[in-house]
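To keep things clear, I will list the structure first and then write my remarks on it.
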Number of protein chains: 2
Amino acid sequence: MKHSQKHIDSLKSVREKLPKDEVLFELADIFRLFADSTRIKILFALKDEELCVGAICELVGMEQSAVSHQLKILREKCLIKFSQVGKTRLYSLADSHVSDILQMSAEHLSEEA
Amino acid sequence: MKHSQKHIDSLKSVREKLPKDEVLFELADIFRLFADSTRIKILFALKDEELCVGAICELVGMEQSAVSHQLKILREKCLIKFSQVGKTRLYSLADSHVSDILQMSAEHLSEEA
DNA sequence: TTATCATATGAACAAACATTCATATGAAAA
DNA sequence: TTTTCATATGAATGTTTGTTCATATGATAA
């Protein structure tokens, strides 16, 4: 027997409050999107303005290909969307949730004493 | 010349609003901690209660070693702390910021239509 | 002291990931 | 239609990361 009965009992109530695995996976998936400095920079750049891919490349200082790959990831997970104007695609945040998260996280950082 | 002058001009103002690279790296680092389902499960488990390592293992259904490795990461990044009671270590969240983030992220998910 | 229990840690390995390079698509201009 | 421009994508590669296995540490009980 690996663990005492006592601490197994107390686990029941904790386990009940715990989000389901499925939910935890989803959450981790979302956080993972913000867990890369290129992507988070892209998201901040799009926070207030629509931008084409070339502009995003300039801003993040990365090659067009690298940026496009990251844009694809952000698109597939519905964090960003685009509207096509001629040959160029104007990217923007998909909804206000994303900018809320960015806003909060930036505030969180500046609070650190 | 890769990009038109027009969109380079408009970049200036966007670039000024952009957090510094250093800040973006820090942010990505923090998000990365939440970007793994084992770690996020551990954090949720500790949200309301102090738990020893054995209990955490039971809850997340992972081996002691795997859990200890993740605890180390969370400790080093100051998301959790512990108090030692005899041989056992009682882990808990380091501060309320962490549970705030968990709370918000869970709410965010349940909002999704 | 020695044995035992709870936890930690180093090394190894596989899986996931970000970037690059080369090339493809697809829209507009020539 | 051919060329050019903006963006996308597949394959290859190096790096990072999570888990496992084996072992270490460090506290208590015997």
Side-chain angles (χ1 to χ4, degrees), chain A residues 1-8 11 21 24-25 28-43 46 50-77 80-92, chain B residues 1-8 11 21 24-25 28-43 46 50-77 80-92:
Chain A
M1 184 160 33
K2 258 174 153 183
H3 303 296
S4 70
Q5 194 59 41
K6 172 170 167 291
H7 95 227
I8 289 186
L11 285 188
D21 279 3
L24 294 169
F25 280 120
D29 269 5
I30 294 174
F31 279 119
R32 193 171 302 112
L33 293 172
F34 293 87
D36 174 79
S37 61
T38 301
R39 278 195 298 270
I40 208 172
K41 195 164 182 176
I42 291 174
L43 292 172
L46 296 176
E50 286 193 319
L51 292 172
C52 67
V53 177
I56 297 171
C57 293
E58 294 270 341
L59 276 172
V60 307
M62 306 225 90
E63 289 192 4
Q64 179 267 317
S65 177
V67 169
S68 269
H69 278 295
Q70 298 301 349
L71 289 173
K72 186 184 190 185
I73 292 171
L74 294 171
R75 236 188 301 133
E76 284 173 346
K77 298 298 179 85
I80 62 175
K81 56 185 167 53
F82 66 87
S83 63
Q84 188 124 9
V85 179
K87 296 176 218 167
T88 86
R89 291 182 168 188
L90 286 174
Y91 276 93
S92 57
Chain B
M1 185 159 32
K2 258 173 153 186
H3 303 295
S4 70
Q5 194 60 41
K6 171 168 167 291
H7 95 229
I8 289 187
L11 285 187
D21 279 3
L24 293 170
F25 281 120
D29 270 4
I30 294 175
F31 280 119
R32 194 172 300 113
L33 294 172
F34 293 88
D36 173 78
S37 60
T38 300
R39 279 196 298 271
I40 208 171
K41 195 164 182 176
I42 291 175
L43 292 172
L46 297 175
E50 286 194 320
L51 292 171
C52 68
V53 177
I56 297 170
C57 292
E58 293 271 341
L59 276 172
V60 307
M62 305 224 91
E63 289 193 3
Q64 180 267 317
S65 177
V67 168
S68 269
H69 278 295
Q70 298 300 349
L71 288 173
K72 185 184 191 185
I73 292 171
L74 294 171
R75 235 188 301 131
E76 285 174 345
K77 298 299 180 85
I80 62 175
K81 56 185 167 54
F82 67 87
S83 62
Q84 189 123 8
V85 179
K87 296 176 218 167
T88 86
R89 290 183 167 187
L90 287 174
Y91 276 93
S92 57

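Since this is a predicted model, take the numbers as computed values, not measurements. Every chain is numbered from 1, with letters handed out A, B, ... down the list of sequences.
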- Query: Under 4.0 angstrom, heavy atoms only, what part of the nucleic acid is A/F82 near: base, sugar-phosphate, or nothing?
  - Reply: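 No contact.
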- Message: So A/T88, base contact, sugar-phosphate only, or nothing? Heavy-atom distance under 4.0 Å.
- Response: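 Sugar-phosphate only.
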Please tabulate the protein-to-nucleotide N/O contacts below 3.5 Å involving nucleotides 21-27 of chain D, giving atom names and distances.
residue, atom, partner, partner atom, Å
D/dC21, OP2, B/E63, OE2, 3.4
D/dC21, N4, B/S65, OG, 2.6

- Task: Taking all non-hydrogen atoms of both residues into account, name the closest pair between B/S83 and B/E50 and its distance.
- Result: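 Smallest interatomic distance, heavy atoms only, reads OG-OE2, 4.0 Å.
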- Locate the shortest heavy-atom distance separating A/A28 from B/I40; write the atom from each residue and the value.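 Minimum heavy-atom contact is N-CD1, 4.4 Å.
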- Task: Hey, could you give me each pair passing salt bridge (Lys or Arg N to Asp or Glu O under 4.0 Å) that has a residue in residues 80-91 of chain A? Not counting sequence neighbours.
- Result: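 Sorted pair list comes back empty.
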In whole angstrom, give the distance that lies between atom [atom1] of [X] and atom [atom2] of [N].
{"X": "A/K77", "N": "C/dA16", "atom1": "NZ", "atom2": "C1'", "result": "12 Å"}
{"X": "A/R89", "N": "C/dA28", "atom1": "CZ", "atom2": "P", "result": "12 Å"}
{"X": "B/F31", "N": "C/dA18", "atom1": "CZ", "atom2": "P", "result": "15 Å"}
{"X": "A/K72", "N": "D/dA11", "atom1": "NZ", "atom2": "C1'", "result": "13 Å"}

Side-chain donor-acceptor contacts of residues 65-73 of chain A below 3.5 Å, not counting sequence neighbours, with atom names and distances?
residue, atom, partner, partner atom, Å
A/S68, OG, A/Q64, NE2, 3.1
A/Q70, OE1, A/R39, NH1, 2.8

- Query: Do A/V60 and A/I42 touch side chain to side chain, with heavy atoms closer than 4.5 Å?
  - Reply: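 Result yes, sub-4.5 Å side-chain heavy-atom pair found.
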- Query: With side chains defined as the heavy atoms from C-beta onward, is the minimum distance between A/L43 and A/I80 less than 4.5 Å?
  - Reply: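 A/L43 reaches A/I80 side chain to side chain.
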- Apply the side chain to side chain contact (heavy atoms under 4.5 Å, CB included) test between A/Y91 and each candidate in A/L74, A/I56, A/L51; give the one that qualifies.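 The option that passes is A/I56.
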Please tabulate, one pair per line, each protein N/O and nucleotide N/O from nucleotides 12-18 of chain D that are separated by under 3.5 Å, including the distance.
residue, atom, partner, partner atom, Å
D/dG18, OP1, B/R39, NH1, 2.9
D/dG18, OP1, B/R39, NH2, 2.7
D/dG18, OP2, B/R39, NH1, 3.3

- Query: Taking for each residue the nucleotide of DNA chain C bearing the nearest heavy atom, is the 5' side occupied by B/S68 or by A/V85?
  - Reply: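 Nearest nucleotide further toward 5': that of B/S68.
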- Message: Between B/K41 and A/D21, does the side-chain contact (heavy atoms from CB on, under 4.5 Å) criterion hold? Intermediate values first, please.
- Response: CA-CA 8 Å; B/K41 195 164 182 176; A/D21 279 3; 2.7 Å; yes
